[in-house]
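Everything below concerns the one structure shown next.
Just so you know, these numbers use all the heavy atoms, side chains as well, and skip hydrogens, waters and symmetry mates.
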Amino acid sequence: MLREKYYEWKNWKEMVHTTWNPDGPGAIRIHLIPPRFSLWKFVPSVVILNGNQILPLNESWAILLTEFIRHLNEHGEKTMTEEELDELLDETCSEVQKVYPSASRERLMEDLDQMAGVFEDIARGREPKLKIGQMSIGEYAPYMKAPHRMDLMVSSMEKEGKWNCNQKCLHCYAAGQKYAETKELTTQEWKKVIQACRNAGIVQLTFTGGEPTMREDLPELIGEAKWFITRLNTNGIRLTKEYCKKLREAELDNVQITLYSNNRDIHNCLTGSKHFDQTVEGIKNAVSAGLSVNVNTPLCTQNQDYVETVKFLKSLGVVYVTCSGLIPTGNAKTEASASMRLSKEEIARCVGDAAEFCFQNQMEITFTSPGWLSESFFQERGMETPSCGAALSNMAVTPDGKAVACQSCLDREILGDMLLDDWKKIWKNPKCRRYREYAAKMFKKCPLWEEEIHEDRE
């Protein structure tokens, strides 16, 4: 135990990361996150695969994986010969044997092979042959040092007194909030925020807004974040073939495009624009460019024939779809938006019909609003139950660099400044802790649907 604790104290200062099969189909992005150090208590490390699957690892496997990744990264990106691989494995085993002197090379290689098999199975959606246990993020919360995802709101809704989005969505969450109009960070300042996220141990960045493609430096910022799992939330209007090529070259991992309906008039009405054709063309261009594409649809009374939209997306080559109820924040708190909210029964019918179609047509569907539907609803359909991760699994940075609990909480407390404050100060902020404690206990509910959780709201 003393050897293990000495290794943890000496080596587990930050996460380690690598990508298996980076140039081929089915790349697996691996981030190993060590827990907060404890001398007397064992807390498992966490492996995050492709930014979403969370696996606990015992100490011996975590040490083995740490050394393997470190030596793999030292080798660089050049092609590895069999001799070089053997040498790398020998060096890995030598370091691990300093902690576990009785562990043979054969045993360590067997463990590494089993670990790789588990990662491969889970990343590919297969049931792993070896069970390594699970831990909920609520249980792991006391040992986390940062959220797993940070949403970077790189563009504001208003800029220099003018509307700064190419749509005016009726249900826009960002519009009308405290940071709808604010000064945007420069390219270099956003790069500093990205580095601060890496130093904090955050593994996934989502570029969002406003409309992030309104910034000409967006591909450059995504390229700066190659170390992370990177995602882009966009309305798709500016996704030309050339732009999608730039995103692919910047190694963007996933693009989420919002489409309200397969019906041109409904989509244009809900977005306050006439860009339906451009959004559809953007979806086609993203799929054609080989980007991982997910199309999102906020559900309301005007588009509750959602299954028809899913069928339309299937014809465009889209495999992954998400949908949600309307979160009561931003413009979605207005009377016009609130009058279009669906009941839980209507949501259940919309999602149920779409899920049945997806299951029959090799598509994947996710509903993202926690608290709307019962856990049994999702279990019966083989869907993941949505949860709230505010200040726990996810946080957000406003256009001017302020940290908030999530991008739907812009009217609530500022938790710190990503350019001025040390990350530990932000993470340990009492307001941040209260959000985190709520999310850990009430994981299946969104606080925006609950009574106020802060008595001292600013």
Side-chain angles (χ1 to χ4, degrees), residues 33-38 41 43-44 46 48 54 135-153 173-174 176-180 182 193 196-197 199-206 208 324-330 332-333 368-372 375 385-458:
I33 306 177
R36 189 174 68 239
F37 178 76
S38 174
K41 184 177 182 179
V43 181
V46 165
I48 301 183
I54 304 173
M135 174 181 278
S136 72
I137 195 168
E139 295 172 306
Y140 194 68
Y143 311 106
M144 292 174 64
K145 295 183 286 187
H148 298 144
R149 189 188 88 221
M150 186 68 85
D151 297 336
L152 305 183
M153 304 177 71
Y173 302 148
Q177 296 213 53
K178 187 184 300 183
Y179 283 85
T182 187
V193 171
C197 289
N199 294 341
I202 296 163
V203 302
Q204 178 180 318
L205 297 182
T206 299
T208 181
S324 64
L326 298 180
I327 301 173
T329 188
K333 290 178 69 174
T368 59
S369 298
W372 275 90
E375 193 166 356
T385 304
S387 56
C388 172
L392 178 60
S393 62
N394 58 274
M395 291 177 65
V397 181
T398 63
D400 64 346
K402 303 299 191 296
V404 292
C406 83
Q407 65 177 11
S408 296
C409 293
L410 301 184
D411 278 344
R412 298 196 173 197
E413 295 88 348
I414 298 302
L415 306 179
D417 191 306
M418 291 295 292
L419 290 176
L420 301 178
D421 297 330
D422 180 79
W423 172 254
K424 289 182 181 179
K425 179 181 178 181
I426 296 174
W427 186 246
K428 293 181 179 180
N429 183 321
K431 297 174 183 177
C432 189
R433 284 182 172 178
R434 285 200 290 272
Y435 272 106
R436 188 155 56 251
E437 289 167 359
Y438 178 93
K441 293 177 182 178
M442 305 293 290
F443 208 42
K444 300 296 187 292
K445 295 182 179 180
C446 172
L448 295 176
W449 280 110
E450 301 294 310
E451 293 183 0
E452 301 297 335
I453 61 174
H454 302 349
E455 294 181 356
D456 58 343
R457 280 187 65 188
E458 296 178 348

Nearest heavy-atom approach of Thr368 to Ser324 is OG1-CB, 3.3 Å
Thr398 vs Val404, test: side chain to side chain contact (heavy atoms under 4.5 Å, CB included). Steps then yes/no. CA-CA 7 Å; Thr398 63; Val404 292; 4.0 Å; yes
Main-chain N/O of Gly325 paired to Ser369 side chain as donor or acceptor, under 3.5 Å: yes
Side-chain heavy-atom pair Val397, Met150 within 4.5 angstrom cut-off: yes
SG of Cys432 to CD of Glu437, rounded to nearest 0.5 Å, is 10.0 Å
Shortest non-hydrogen contact from Cys197 to Leu152? SG-CD2, 4.5 Å
Output for pair (Met153 CE, Asp400 CG), nearest 0.5 Å, gives 10.5 Å
Residues that Asp417 engages under salt bridge (charged side-chain N to carboxylate O under 4.0 Å, His left out), provided they are two or more places apart: Lys402
Residues forming a salt bridge (charged side-chain N to carboxylate O under 4.0 Å, His left out) with Lys428, sequence neighbours excluded: none
Trp427 six-ring face occupied by Arg433 cation (under 6.0 Å, within 45°): no
Atom pair CG (Asp421) and CG (Leu419), whose distance is rounded to the nearest 0.5 Å: 9.5 Å
Would you call Gln407 and Thr208 a side-chain contact if the rule is heavy atoms closer than 4.5 Å? yes
Tell me every residue that passes side-chain hydrogen bond (donor to acceptor under 3.5 Å, both in side chains) with Arg149, counting only those two or more places apart in sequence or in another chain. Asp151
Using a 4.5 Å cut-off on heavy atoms from C-beta on, say whether the side chain of Ile48 contacts that of His148. yes
Can you list everything that forms a side chain to side chain contact (heavy atoms under 4.5 Å, CB included) with Ala196? Sequence neighbours excluded, please. Met418
Closest heavy-atom contact between Met395 and Ile426? CE-CG2, 4.3 Å
Do Asn394 and Leu392 make a side-chain contact, defined as non-hydrogen atoms from C-beta onward lying under 4.5 Å apart? no
